[in-house]
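Remember, it's a predicted structure, so these values are computed and weren't measured experimentally. We number each residue from 1, following the sequence as shown.
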Amino acid sequence: MLIAVCIKQVPAVSALQFDPATRTIRREGVRSEISAFDVRALLRAVALRDEHGGTVVAITMGPPQAREALLECLALGADRAEHLCDPAFAGADTLATARALAALLEREPYDLILCGRNSVDAETGQVGPEIAELLDLPQVTMARALAVDPAARTLRAERETDEGIDVVSAPLPALVTAAEDLAPERFTSSSERAAAAAKPIALRRAADLGLDLALVGAAGSPTWVLDLAPVEEHRRREMIAGATPAAQVAALVARLRAHGLFGEWTVARPAPPPLPAPAAVARGGARDVLVVAETLDGHLRPVVGELLHKATQLAPQLRGTVSALVAGAGAAAHAAQLAAFGAGRVLVAADDGFLAGTEAHAALLAAVIERERPGLVLLPATVVGRDLAPRVAARLGLGLTGECVDLSVDAAGRVLQHKPAFGGSIVALIASRAQPEMATVRPGMLAPGVALAGQTAQVVALADRPIADRVRLLERRSDAEAAAELEEARVVVGVGMGIGGPQHLPQAEALAALLSGALCTTRDVSDAGWLPKQYQVGITGRAIAPDLYIAVALRGAFEHTVGVRRSGIIVAINRSPKAPIFRSCDYGIVGDWAEIVPELTRQLREIAPPGRGGAETSR
């Protein structure tokens with residue numbers, strides 16, 4: 001087998017600093033490393049080669065110093081490496097990067113191409129699906145297990161979804177992106193690093209690939225960064241003292257009641273720096289906004305309401321209208337709700353075949369964009385949206401900004417996409433040279449949708465028919481109810497390794513249930529198997545934005561706290577006064593969770609309104 005692994009050298013995110021004077025990231029003296037998911041992809045590729053025979057080729061695009069990352073790949077077991085290094089590649093966005101990598105990859109008959117699920121600096125997850133589209137390959141993203149049958153020319157994978165696990169098969173050649181569990185982490189030895197120096201690294205220039213220089217680097221990038229802004233932590237960081245756990249809890253409860261507990265919350269989630277909204281804009285070209293609606297377990301996901309609410313704010317500034325695209329056999333049943341959220345037109349593709357896989361769904365969306373000619377396309381940053389948007393952007397040559405937390409319009413009529421990067425420590429303002437502008441938006445980041453009575457929409461039944469998808473679903477292990485609960489909850493209780501074991505989860509669950517809330521956790525807890533992966537919040541999980549987040553016995557590592565930054569109020573309970581979580585909280589209690597949580601549950605039960613478990617779960 002011939003396996004390619006695309007890797008990226010990134011700065012260590014936790015060591016980066018923002019320079020407010022120059023509005024740039026300080027990189028001097030910051031060590032670089034291979035993006036963590038890329039390492040897992042490489043290690044799985046090496047294991048597959050050892051099992052079936054063949055060659056593993058590590059590939060990167062970057063400046064001369066990226067050679068160090070390739071040497072590390074060779075030490076980890078790659079047989080040879082390819083280094084795309086040319087000033088013509090500088091300044092590339094994801095599409096320009098994918099074009100250059102695809103041009104190199106198509107020069108050899110690779111059976112399998114592996115990438116990380118995303119890089120840990122830009123956190124887009126776009127390059128893999130864009131390569132798959134450019135090379136016309138089936139794609140399987142977020143793979144946590146992968147096996148291949150070289151004789152049958154097939155692969156079988158387990159992929160993580162927002163709701164659980166999908167088991168899928170696909171023909172080779174194919175592209176797969178690696179989740180965290182695809183391979184166990186390991187480090188190189190001194191002898192492996194010494195042996196790596198003898199393995200070949202081929203240097204490739206733009207001219208070697210026959211590329212049109214207008215399609216790569218900054219010149220070929222439809223998106224670019226206009227500005228950077230730091231994300232400031234505006235937390236109270238008040239440590240609640242008391243002679244006894246009961247006294248500490250009583251003081252905490254008083255503060256939470258003042259913020260609206262068991263009533264209407266009076267807290268606002270932190271927002272990106274606002275831009276002035278001009279009364280009129282000098283926008284050229286298309287102006288309408290298209291929202292791609294996604295369903296979960298037969299219901300519209302809450303993020304669809306958020307997207308439509310934002311679309312109704314943007315469309316008047318653009319002097320355009322709002323449409324929604326919804327697919328599936330029961331899609332027409334959602335038309336009234338989409339209209340209530342603000343869609344003036346609802347495009348209905350009433351066939352479950354569109355939801356069978358990314359290729360069918362992408363073909364539909366690309367066809368709709370080409371017919372409707374919107375100026376802006378918005379999708380949820382869910383597993384489905386992250387698969388779909390890059391594939392369509394590559395097909396149509398469009399700019400795409402993934403994982404946005406807000407959108408605005410500037411005086412030139414450009415839709416500015418507010419995208420967090422480097423673990424959420426900064427927000428980049430990104431614009432696009434191509435229309436329509438495309439963006440995926442993280443659930444829970446925007447204001448919730450407001451359903452208005454009496455709203456109607458033109459319903460358009462689409463004549464499109466789904467194409468066959470090369471990725472076949474074999475089995476679905478789903479807990480859609482739990483996934484939806486965490487996505488919609490206004491109160492979330494997070495548990496860390498400090499609770500001691502899964503036998504103690506019921507105490508946290510009781511607190512969450514009393515508050516009509518949901519449970520979430522950290523990577524360490526999900527890795528230990530105490531809770532499923534869909535409960536994981538942070539860099540390698542999901543982002544949430546409840547009104548109240550209660551962190552129980554979790555350390556508060558940066559990798560977790562970036563996923564709760566948009567929470568209204570954060571309460572931390574930890575026995576160590578030095579726990580990092582106290583730097584990211586509004587109210588902190590130093591104490592034994594096993595005493596504090598039961599006492600908090602008891603006191604809250606005494607004041608909970610009759611007939612209400614606590615705060616509402618729906619937004």
Side-chain angles (χ1 to χ4, degrees), residues 44 117 125 128-129 132 138-149 152 154-172 174-182 292-304 326-331 333-334 349-365 379-389 391 440 443 466-488 518-521 526-527 529-537 540-542:
R44 185 60 190 143
R117 59 171 273 189
Q139 68 185 57
V140 177
T141 59
M142 300 279 290
R144 72 168 197 172
L146 174 64
V148 297
D149 185 337
T154 59
L155 66 82
R156 180 185 174 98
E158 293 183 5
R159 65 184 301 261
E160 297 175 3
T161 70
D162 292 326
E163 299 82 53
I165 301 295
D166 282 354
V167 182
V168 300
S169 66
L172 298 177
L175 183 141
V176 177
T177 72
E180 203 164 25
D181 294 338
L182 187 61
V292 179
E294 186 179 334
T295 59
L296 175 62
D297 202 26
H299 302 282
L300 289 177
R301 299 187 75 147
V303 66
V304 176
V326 60
H334 304 298
D351 192 314
D352 280 340
F354 292 117
L355 307 180
T358 301
E359 291 176 293
H361 208 163
L364 170 67
L365 178 55
L379 302 93
T382 57
V383 167
V384 171
R386 293 187 199 105
D387 275 8
L388 181 61
R391 189 122 198 168
T440 66
I467 64 171
D469 205 285
R470 288 172 287 184
V471 177
R472 190 161 61 95
L473 178 65
L474 303 177
E475 180 186 354
R476 173 157 288 165
R477 307 169 195 159
S478 174
D479 188 351
E481 183 177 347
E485 183 182 64
L486 181 55
E487 191 168 287
E488 300 176 33
L519 207 62
C520 81
T521 193
S526 63
D527 281 352
W530 298 359
L531 283 169
K533 281 284 185 182
Q534 61 261 37
Y535 289 83
Q536 185 176 322
V537 166
T540 56
R542 66 176 71 202

Q: Could you tell me which residues satisfy salt bridge (Lys or Arg N to Asp or Glu O under 4.0 Å) with Glu160, sequence neighbours excluded, listed by chain and number?
A: none

Q: Got a sec, which residues hit side chain to side chain donor-acceptor pair (under 3.5 Å) with Arg476, two or more places apart in sequence or on another chain?
A: Asp166

Q: Which residues satisfy the side-chain contact (heavy atoms from CB on, under 4.5 Å) test with Thr358, sequence neighbours excluded?
A: Gln139, Asp387, Arg391

Q: Tell me the closest heavy-atom pair linking Ala363 and Ile467, and the distance in Å.
A: CB-CD1, 3.9 Å

Q: Please list, chain by chain and in numerical order, all residues satisfying side-chain contact (heavy atoms from CB on, under 4.5 Å) with Arg477, sequence neighbours excluded.
A: Arg144, Glu158, Ile165, Val167, Glu475

Q: Given side chains that start at C-beta, do those of Glu163 and Leu296 come closer than 4.5 Å, heavy atoms only?
A: yes

Q: Can you find a pair of side-chain heavy atoms, one from Val383 and one from Arg159, that are under 4.5 Å apart?
A: yes

Q: Has Thr382 got a side-chain atom pairing as donor or acceptor with Gly385's backbone, closer than 3.5 angstrom?
A: yes

Q: To the nearest 0.5 Å, what is the distance between CG (Leu172) and OG1 (Thr154)?
A: 6.5 Å

Q: Report the residues that fulfil side-chain contact (heavy atoms from CB on, under 4.5 Å) with Ala333, sequence neighbours left out, ordered by chain and then residue number.
A: none

Q: Please indicate whether Arg470 has more than 12 foreign heavy atoms, meaning atoms of other residues, nucleotides or ligands, lying under 6.0 Å from its CZ.
A: yes

Q: Write down the atom of Ala360, the atom of Gly353, and the distance for their closest heavy-atom approach.
A: CB-O, 3.4 Å

Q: Return the set of residues passing side chain to side chain donor-acceptor pair (under 3.5 Å) with Thr161 (not counting sequence neighbours), or none when no residue passes.
A: none

Q: To the nearest 0.5 Å, how far apart are CZ in Arg542 and CG in Asp162?
A: 5.5 Å

Q: Going through the distances and angles, do Leu474 and Arg156 end up as a side chain to side chain contact (heavy atoms under 4.5 Å, CB included)?
A: CA-CA 9 Å; Leu474 303 177; Arg156 180 185 174 98; 3.2 Å; yes

Q: Indicate yes or no for a side-chain donor-acceptor contact from Thr177 to the backbone of Met142 under 3.5 Å, with no hydrogens or angles considered.
A: yes

Q: Is there side-chain contact between Arg117 and Thr141, with heavy atoms separated by less than 4.5 Å?
A: no

Q: So, for Ala143 and Val176, which heavy atoms are closest and what is the spacing to 0.1 Å?
A: CB-CG1, 3.6 Å

Q: So does Leu146 get a backbone contact from the side chain of Arg44, meaning a donor-acceptor N/O pair under 3.5 Å?
A: yes

Q: Run the side-chain contact (heavy atoms from CB on, under 4.5 Å) test against Ala331 and tell me which residues pass, sequence neighbours left out.
A: Val326, Val348

Q: Would you name the heavy atoms of Ala329 and Asp352 that are closest together and state the gap between them?
A: N-OD1, 2.8 Å

Q: Can you name the salt bridge (Lys or Arg N to Asp or Glu O under 4.0 Å) partners of Asp469, sequence neighbours left out?
A: none

Q: With sequence neighbours excluded, tell me which residues meet salt bridge (Lys or Arg N to Asp or Glu O under 4.0 Å) with Arg386.
A: Glu403

Q: Using every non-hydrogen atom in the two residues, find where Ala327 and Phe354 come nearest and quote the distance to one decimal.
A: CB-CB, 4.0 Å

Q: Indicate the atoms forming the closest heavy-atom contact of Leu531 with Cys520, along with that distance.
A: CD1-O, 4.4 Å

Q: Just to verify, what does Asp181 make a salt bridge (Lys or Arg N to Asp or Glu O under 4.0 Å) with, not counting sequence neighbours?
A: Lys533

